[in-house]
Amino acid sequence: MSHTFTSIRTSTSSQTVGIGSRLRVDGLSVRFQISGVAPDRATVHAVTDARFEVRQGECLALVGESGCGKSVMAHALLGLLPANAEVTGAARLETDGAEPVDLVGAPEAVLARRVRGRMIGLVPQSPAAHLTPVRTARAQLAEALRELGRPAGSDDLAALARRVGLRPADLDLYPHQLSGGMAQRVANALALAGDPWLIVADEPTTGLDRPLVQTIVSELRRLTDEGRAVLLITHDLRAAEQVADRVAVMYAGRIVSLTSAAEFFARPRHPYAAGLLDALPSRRFTPIPGHPPELTMLPAGCAFRPRCHRATAACERLPEPDEVACHHPLEHHVVR
Amino acid sequence: MLFAEGSPAEGLRADGITVAYDRRRVLDGTSLTVRPGIVTGLAGPSGCGKSTLARVLAMLLRPAAGRLTVDGTEVRRWRHRADLRTRVALIFQQPRLAVDPRFTLLDVIVEPLLAAGRPAADAIAHGERLADEMSLTADLLTRRRHEVSDGQLQRACVARALALRPRYVICDEMTTMLDASTQAHLVARLESYRQETGAGVLAVTHDTDLLARWCEAGAVHHLPAPDGTSLVR
Amino acid sequence: MTQTFDSGTRPGGPGRSGRSGGLFRRDSAFRRAPGRRRGSPRLAVGTLIVLGLAVLVVPVVARLDQQLVDLGAASLPPRPAHPFGTDEMGRDVLLRAVYGLRVSLLVGLVAALVSVTIGTLVGLVSGALGGIADRFIMRVVDGVNSIPHLLLGIFIVAMIKPSVGAVIVSVALTHWTTTARIIRSEVLALRSRPFIDAAISGGSSRLRIVRRHFLPHLAPHVALAAVLMMPHAIWHETALSFLGLGLPPHLASLGNMINDGARSLLAGNWWASIFPGLFILLPTLAISALTQYWRDRTSPRWRSELQL
Amino acid sequence: MSRTLARMAVWRVAFAVPLLFAVTAGMFALAKASPFDPIRQYLGDRAQTTSPEVTARIRENWGLDRPLIEQYLDWLGSLLRGDLGESRSLHRPVTDVIGERLGWSLLVVGGAIVVMLIVSLAVGLPAAWRRDSWLDRFITGTAYANEAAPVFWTGLIAIWIFAVQLRWLPSGGLTDAAATTVRPGDVLRHMILPVAVLAFSQSSWLLLFVRESLINTLREDFVTGARARGLRERTVLVRHALRSALLPFITLLGARIPELVTGAILVETIFSWPGVAGTSVQAALAADFPLLAALTLLATLAVVVGNLLADAAYVIADPRVRVLGVS
């Protein structure tokens, strides 16, 4: 019986009735200790007090300027951070009928045997670099399927290849022979090998041509419609617009706005979110003045204060973390 | 035109340019003109030779065949010996590779001025003005490459490119690695330079929205995919 | 954006939740600290200073008569009068070892400088010219490299009468290839960097580019090559002397001393061979420790590309 | 892939021929420039007594009075015909001298290579795996110390400990002094120390390389990629990290052959092992040009062949290089 990819919604493992599995991140913080620099600049506050949720059948886009700490989130969830990272807070995978798995405290063995590939599939940035250069795509795909306890016969591999838009013969190529698009598809196949219910896509569209971005975006949309949960981490707002159900905006390591996609793209209420959209060439194309702060020297209160034209004394205090973390959100900002 | 010396600006013309890297022909008889005073676009999938053409236009790469003329003068000598090379400025895609790791940001901006024989004090003052126009704060100017972000580094590279008031500025995927806000800022700065000096700008990118918003209507050239197969491959 | 931070961690990295460092602590290799700075160079610097002083001061204080033979005091084990004992000819091992070290350091220094100069010139020319010339020069370098160094050294010394000069020539002529290869690859790597194109486009002349970009980048590599070549040159000088092809036998050289000591070793008196060997080991170890520490500090500092 | 290998082999051979010519020409020129007069050296102490005419006649029938180029071509011609000439110090054909000694050298060097490989892998990998643990610091420390110690010194220490103090092993030679025939068991006992010392002196450099290579590979993106796919830690280490970490190991073995020959010369001298490498020292001491020239050529050939084999193995193992071929 070749491995057929039935949509998760209809497969028995998840009850269509219940809320299904979900990832709940609650107060997650990641700090890096670096040496060889002045003590006051020795701690990088990459992620501070992140709070969000991703449910099956939903796509949450985590957007922000590069350098705001969003890519660290992907590695933190899968426990792939180097040893000089300190992770605090909680990130729980909650599936019906099984006790939740807390990703932050989980030892390496649990992550390797129960979470990675089985519950969470990672679509990495620059996919060709994440494939072992001396082994063919077929060997790595077959190995992944076997380790995840799935049938790894040649027709299973062929089915998985066709599923992500690759010809079975392409699997016999080595990573350095794959074009940008093909490497992306192999990465998708590997992420789907264990049929995980949560897909984390880390900057899947960076550096790719427009038509290729289109295929990736529609693939992510299909994964969500199939009933998987998708966490899309990107700074490409146009791609996010076509696939996200909800949008979380990250600035200087904090989530400053978490709203529905419709509201984010049509009526952004956080000044920074509005600024991001205004900067797009397809919109006002006006830059946000100033620079993002250094993650080693974060200002007190709202980090966006130095660049915000609506800043008031109130902004000295950190705004309450709710839908829009701002003391004076915009009410009717129309984005042309 | 506000340029002090040289003939009137008639454009940076490349005719029938052919470049081959060990048996693989990257450019085959390509022609392109960067007209002064407007923004010309150059688009095409990765691997179609956009960057190679940009380096030929900047007189950094001698083509196997074809002609390049700068405001009517044909370019005969290339790289170090090309005497018109300061008239065309090239901004690279990866700022981190386009900056010497030992240079501070100020060194980067001031280097072309010093190379042109400008006295140090005068060059530094001019450099600081250029940095200020790119909203690079003073504390950033003393930092080296690994202590600043890509965005701040690219601002220094743009300041360096504009230091000698070039007539043509080629932006080779200048903002592909950067986020929307930095991109908007760099493009705004280049637009004010163009309006102020009437220089010609060539925007090389595969971002269709950026081309549509930044380039002159109808002035966008498309290079074919390298092996002519469908783009999606 | 890749905000690059220099990030070697402090020893014991705070990330660890206080687990004790058991013999084979079940801790995945992936979670280990990403590389730590080595200890401080005080010990290595101290060793070199002590040896340097000894080499400079002792010959002035205690004149050594190379020809003196005192069979009465032959092969005495280490004692207060002779900390390193005496050899089979009754000569004090410590005093001769210091003289031997002086010769070895001299030969090592000169041979290193000569070979590094030749190597740098060949590397610069090969890297700068590129193309066919580069490939030809590299073939020659591979050619010289495929002759085992010591054998070539032996051949050169055999053909010209063994002397300090012969040893220097043989060591220098066999060791320039490694430096040539390093300098050439650095030059080629540098030439292809976009910031060289940017300098050209910015109007810099070829000379200015060499002065502003190439020299500051190559200088540390040349210095490192010279420093690394010193112990290697000492090693070869002592090997040639040990084989009887280095310095003339009567001259105090670490290689000769170890060779002479070897005969009496079988009779159990080890000091005549072992102690001179230490005088080869210590400077070499100190130099390699220093270069290791220096390379940690100056090479593009260990950088954790935090994918923020 | 076989096309790449063939192309590389042809390229290497084509390169080896001019190299060997250059080496022979260089050696010949150096020999001619040498102050040693072969005639006087041949006559030894009889030189003072023989009349000038006799030495002139010897010089003539040795053909030493003919122009240099002619002598060189003559010597080269005989070389190509396999006639390596007569060893001046041993007064026997060079081919015999080498023939009877080459086997013993190959035995020691071969043994050393095997031991060197096993030791550097068995010790280098755990040092990288438990990086910065006390085990790693101990291994790296000894490796750096051993790297700094000259091999003849470590050899003498080995003799002093194992032969003189503990008397477990003979201190040198091929067989016991009294033995008349060459019994394998006896040779084996005599071989242990030379092989151990040679292997130990070479393995420290290799061990540090293996450790460094694995540490860098563990930081690569594809290792993170493999872990992210849910593979077990052991699978990631063996089938992903190790496979690409040990690749350059193959080429470097080829690059270490000159050091191996250097080590062999010293080890055979200390342990008075009747190998061909040790003989080069006697040939040098006696300024015996034919024997020394032949030995140098032999060593150079060994290195060229070694590099060819190493690069061929690399092309087979590394798919990235398979298409481009090693320059």
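Chain naming here is simple, since letters A, B, ... match the order of the sequence lines and numbering starts at 1 in each. Here the structure is a predicted model, which is why all the values come from computation and not from measurement.
In plain terms, the two heavy atoms of D/Ala145 and C/Leu281 that are nearest each other are O-CD1, 3.4 Å. Considering every non-hydrogen atom in both C/Ser288 and D/Tyr144, the closest pair reads OG-CD2, 4.5 Å. Across all non-hydrogen atoms, the minimal contact from D/Thr262 to C/Pro148 is OG1-CB, 4.4 Å.
Under a cut-off of 6.0 angstrom, the local environment of CZ in C/Phe275 is crowded, with over 12 non-hydrogen atoms contributed by other residues, nucleotides or ligands. Atom CG of D/Leu166 has more than 12 neighbouring heavy atoms from other residues, nucleotides or ligands inside a 6.0 Å radius.
For C/Leu152, no part lies under 4.5 angstrom from a heavy atom of chain D. Only the backbone of C/Asn145 comes within less than 4.5 Å of a heavy atom in chain D; its side chain stays farther off. For C/Leu278, the parts lying under 4.5 angstrom from a heavy atom of chain D are both the backbone and the side chain. Using a 4.5 Å cut-off between heavy atoms, D/Ser171 touches chain C through its side chain atoms alone. Contact annotation for D/Leu19: only side-chain heavy atoms (C-beta onward) come within less than 4.5 Å of a heavy atom of chain C. With a 4.5 angstrom heavy-atom cutoff, D/Leu260 does not touch chain C via any of its atoms.
Taking C/Ile147, C/Ile280, C/Leu282, C/Ile274 one by one and counting their heavy-atom pairs under 4.5 Å with chain D, the maximum is reached by C/Ile274. For the set C/Ala262, C/Pro283, C/Ala239, C/Ala289, the entry with the most heavy-atom pairs within less than 4.5 Å of chain D is C/Ala239. The most heavy-atom pairs under 4.5 Å with chain C, out of D/Ala22, D/Gly26, D/Pro150, come from D/Pro150. Counting heavy-atom pairs closer than 4.5 Å to chain C, the top residue among D/Leu266, D/Leu301, D/Thr269, D/Val23 is D/Leu266.
In this structure, C/Trp271 CH2 and D/Trp160 CH2 are separated by 9.5 Å, a value rounded to the nearest 0.5 Å. Separation of atoms OG (D/Ser280) and CD1 (C/Ile154) is listed at 4.5 Å; rounding is to 0.5 Å.
Between C/Asp142 and D/Asn307 there is no side-chain heavy-atom pair separated by less than 4.5 Å. Looking at D/Leu156 and C/Phe242, their side chains come closer than 4.5 Å, going by heavy atoms from C-beta outward. The shortest distance between side-chain heavy atoms of C/Leu243 and D/Phe152 does not fall below 4.5 Å.
Legend: residues meeting side chain to side chain donor-acceptor pair (under 3.5 Å) with C/Asp87, ordered by chain and number and at least two apart, are C/Arg91.
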